[in-house]
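Below is one structure; the comments refer to it alone.
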Amino acid sequence: MLLFDDYKKILYEKINKIYKIDENDIEISNSHGDFTLKIFKLRDKPDIIYKNIKDKLNDKFIDKIELDGNYINFFIKPSSMIKTVNDSVNTFGKYPNTFQDTSRVLIEHTSSNPTGPIHVGRIRNSIIGDSVFRIIDRYGYRSCTQYFVNDSGKQVIALYLGHIMYHKDEELTVENLLDGYQKIYNEREKNSGINKEIEALAEKYERGDKELINNIQNTASVVLESIKKSLKKLDIVISTYVWESNFILYGDVYNVLNELSDYLQSEGTAKYIEIGDKKIFLTRDNGTSLYPARDIAYHLFKAENFDWLIDVLGEDHKDHAKDLDYILNNYLDFNARVSYLFYGFVSLESGKMSTRKGRIVTLDDLYDKTVEESIKIIKEKRPEYDGKKIEEISNGIASSSIRYNIVKVNANKPLTFKWSEALNFEGDSAPYIMYSYARSCSILSKSGDYNEISNDYNEHEKKLIKAMYTYPYYLKNSVDYLRPDIIANYLLNLVKRFNEFYLNCTIIGDPEMKKRITLLKLYKKIMEDASNLIGIKLLNSI
RNA sequence: GGGCUCAUGGCCUAGUAUGGAUAAGGCACCGUCCUUCUAAGUCGGUGAUCGUGGGUCCAAAUCCCACUGAGCCCGCCA
């Protein structure tokens, strides 16, 4: 829960005593005052409503109230807004302050099959998931992240078999594994014997063959470690890894099947559950388990320790998630709240991505190219920077840019990856945000430290103050709708307000310096707070 | 064939959840501002009947219906 002087709420509560209004009838206004009340639905005439409200609202934080057509616009004193921010930062070290929520939240993200390097399609999952985790955590929930490692499906078995067939005596490297995986998928199309072989291995695996399990986990681990390494470049570290096979080996899947036995139907010896006219198969003819069964067991496991489960999933999982949700809530003893956060696929300009066909842009590739481009620009713009500094900045720009470009787009929209956009560092971009921060740092490094709140701020200062003050509203929205893009857009707007202020107000040596330095310090604080939520790395200079 | 999702200037995105004041940014293009705190910046300009057609409403980018186009799903894959 967020703690701050919520003027919007105060306005709502007071007005609601005079006229029955909805909390949403008051909104943050970007052009007409600070908050706006829509009065279309009220019965009285606008000027009567205006008079009634104006007469009863005499709070200190209100600067003025104006009637404009069917809107009543509230202007908040900039000094009240900035005092709210300043007090919170000085007392709690952050704005807004939070109250720890007792709910434990688990965000499951990435969870991609360890059958190949992470690419720009899958990275959307990780970036959204990690940002949601940071946002939820900032809001005051006790939260952590988890990766569900598939080490028991046909894909991973194919990965293992591919290595044996094509690179048997060679080292277990990601390159060799990926090559074998792609070859075996080509071969499968011509040779159905391979499918039988995979199924036989799956059966052996489920019966608990120690050696096979070990070998497959080793194989998967090689790829998983490389995925972890790639994610680390974007500052994404997942708290816990859970291996899918555990749910088979320790009997959880078996228990799920028992608990569901009243609802299970058979086709041959395979078991399925019927939802509507759809058959959801939980086991194969040979008795081995299928992904839905393992996923049910996994969710029951998660619910043992967490109150709110957030699953970040590709849109291809929509139907599956719906079925899973139905089974959990109707046929099983399941009490956690589950949110499914779907994201649209990322495609390349040349078309769909495919690991099996080798048509991907890997994260490592994207990262390296972004660093390279960034170094080129730094050398051009900042010839005085030395190698170490260039390295620090280019790495910061690469991870921030990649994250920002993906997180800023609403998750449910499809995304086409374009190099020209990924490598553009102007306008709506991570460097734009980083640059503004560096400017504020530069000034602070050349000035003294002041803490002064004034009663008088000009238009540019007011806009910046309002952008800072309204941070909690965007933070709350991004939690309520699990939308990190709201933070990305908030941040962009905040930076624009700062740039406006920076260009129009001289700070060092100006008579107004003290109060402006105070604004700068608070700006820095909120920038750090919000940037961290979406993984933008701020540097003192870029 | 059935289901889900998306469609906003030449291109990319916000706004749609909660209908409401001139549809907001970025890229590209044209022009402005460096003897002042980082020009990866600023300011201005060109450019959108918000996919099409209906409907509801005092009011529709936003809600409803139909259609068109794109993506995804409809496996004893995950």
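Lettering follows sequence order; numbering is per chain, from 1.
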**OP:** Take atom C1' in B:rA17 and the same atom in B:rG26, then report the distance between them in whole Å.
**Re:** 25 Å
Subject >> Separation between the C1' atoms of B:rG45 and B:rA28, rounded to whole Å >> reply: 14 Å
**OP:** Have a look at A:Tyr432 and say if it touches a base, only the backbone sugar-phosphate, or nothing, with a 4.0 Å heavy-atom cut-off.
**Re:** sugar-phosphate
Original post:
With distance as the sole criterion, do the side chain of A:Asn30 and the base of B:rA21 form a donor-acceptor contact below 3.5 Å?
Top reply: no
Original post:
Across the strands shown, which category fits A:Gln155 at heavy-atom distances under 4.0 angstrom: base, sugar-phosphate, nothing?
Top reply: base
Original post:
A:Glu349 and A:Thr416: side-chain donor and acceptor closer than 3.5 Å?
Top reply: no
Original post:
How would you label the contact of A:Asn24 with the nucleic acid (heavy atoms, under 4.0 Å): base, sugar-phosphate, or nothing?
Top reply: base
**OP:** With P as the reference atom in both, quote the distance from B:rC37 to B:rU18 in angstrom, rounded to an integer.
**Re:** 50 Å
Original post:
Rounding to the closest angstrom, what is the interatomic distance between B:rG15 and B:rA21 at atom C1'?
Top reply: 15 Å
**OP:** Answer with base, sugar-phosphate or nothing: what part of the nucleic acid does A:Ile397 contact at a heavy-atom distance below 4.0 Å?
**Re:** base
Subject >> Under 4.0 angstrom between A:Tyr340 side-chain N/O and B:rU5 OP1 or OP2 >> reply: no
**OP:** Tell me what A:Lys352 touches on the nucleic acid: a base, only sugar-phosphate, or nothing, going by heavy atoms under 4.0 Å.
**Re:** sugar-phosphate
**OP:** Name the nucleic acid region contacted by A:Phe342, choosing base, sugar-phosphate or nothing; use a 4.0 angstrom heavy-atom cut-off, strictly under.
**Re:** nothing
Subject >> B:rC77 OP1/OP2 closer than 4.0 Å to side-chain N/O of A:Arg294 >> reply: no
Original post:
Can you say whether the rings of A:Tyr340 and A:His299 are parallel (under 30°), tilted (30 to 60°) or perpendicular (over 60°)?
Top reply: tilted
Subject >> B:rU13 OP1/OP2 closer than 4.0 Å to side-chain N/O of A:Lys408 >> reply: no
Subject >> Below 4.0 Å: OP1/OP2 of B:rU38 and any side-chain N or O of A:Ser442 >> reply: yes
**OP:** Please report the closest heavy-atom contact between A:Arg122 and A:Pro117, naming both atoms and the distance.
**Re:** NH1-O, 4.0 Å
Original post:
How would you label the contact of A:Asn195 with the nucleic acid (heavy atoms, under 4.0 Å): base, sugar-phosphate, or nothing?
Top reply: nothing
Original post:
What does A:Gly153 touch in the nucleic acid at a heavy-atom separation under 4.0 angstrom: a base, only the sugar-phosphate, or nothing?
Top reply: sugar-phosphate
**OP:** Please state whether the base of B:rA21 and the side chain of A:Thr36 form at least one donor-acceptor pair under 3.5 Å?
**Re:** yes
Original post:
Touch check for A:Lys318, heavy atoms < 4.0 angstrom, all strands: base, sugar-phosphate only, or nothing?
Top reply: sugar-phosphate
Original post:
Are a donor atom and an acceptor atom from the side chains of A:Thr283 and A:Tyr272 found within less than 3.5 Å of each other?
Top reply: no
Original post:
Do any side-chain nitrogens or oxygens of A:Arg483 fall under 4.0 Å of OP1 or OP2 in B:rA17?
Top reply: no
**OP:** For B:rA78, take OP1 and OP2 only and decide whether either is under 4.0 Å from a side-chain N or O of A:Tyr291.
**Re:** no
Original post:
Counting any heavy atom closer than 4.0 Å, what does A:Lys278 reach on the DNA or RNA strands: base, sugar-phosphate only, or nothing?
Top reply: nothing
Original post:
Paired with B:rC58 by Watson-Crick or G-U wobble geometry, both distances under 3.5 Å: which nucleotide is it?
Top reply: B:rG20
Original post:
For A:Cys505, which contact category applies under a 4.0 Å heavy-atom criterion: base, sugar-phosphate, or nothing?
Top reply: base
Original post:
Can A:His320 be called stacked on B:rA78 when the rule is centres closer than 5.5 Å and an angle between planes below 30°?
Top reply: no
**OP:** For A:Asn410, answer base if it contacts any base atom (sugar-phosphate contacts may also be present), sugar-phosphate if it contacts only those atoms, and nothing otherwise; contact means non-hydrogen atoms under 4.0 Å.
**Re:** sugar-phosphate
Original post:
Quantified in whole Å, what is the P atom distance between nucleotide B:rA59 and nucleotide B:rG55?
Top reply: 12 Å
**OP:** Please work out if A:Thr416 contacts a base, only the sugar-phosphate, or nothing of the nucleic acid, heavy-atom cut-off 4.0 Å.
**Re:** nothing
Original post:
Taking the chi torsion of B:rC34, is it syn (within 90° of 0) or anti (everything else)?
Top reply: syn
Subject >> A:Asn150 side-chain N/O to B:rA78 phosphate OP1/OP2 under 4.0 Å >> reply: no
**OP:** Assess whether one donor atom and one acceptor atom, taken from the side chain of A:Tyr481 and the base of B:rA17, lie less than 3.5 Å apart.
**Re:** yes
**OP:** Respond yes when some side-chain nitrogen or oxygen of A:Arg439 is under 4.0 Å from OP1 or OP2 of B:rC37, and no when none is.
**Re:** no
Original post:
Heavy atoms, side chains only, cut-off 4.5 Å: are A:Ile136 and A:Val479 in contact?
Top reply: yes
Subject >> Integer angstrom distance from the P of B:rC76 to that of B:rG71 >> reply: 25 Å
Original post:
Can you find a side chain N or O atom of A:Lys38 that sits less than 4.0 Å from OP1 or OP2 on B:rA59?
Top reply: no
Subject >> B:rC50 versus B:rU5 - spacing of their P atoms, nearest Å >> reply: 23 Å
**OP:** Compute the ring centroids of A:Phe35 and A:Phe74, then answer whether they are less than 6.0 Å apart.
**Re:** no
Original post:
Under 4.0 Å: is that the gap between some side-chain N or O of A:Lys413 and OP1 or OP2 of B:rA7?
Top reply: yes
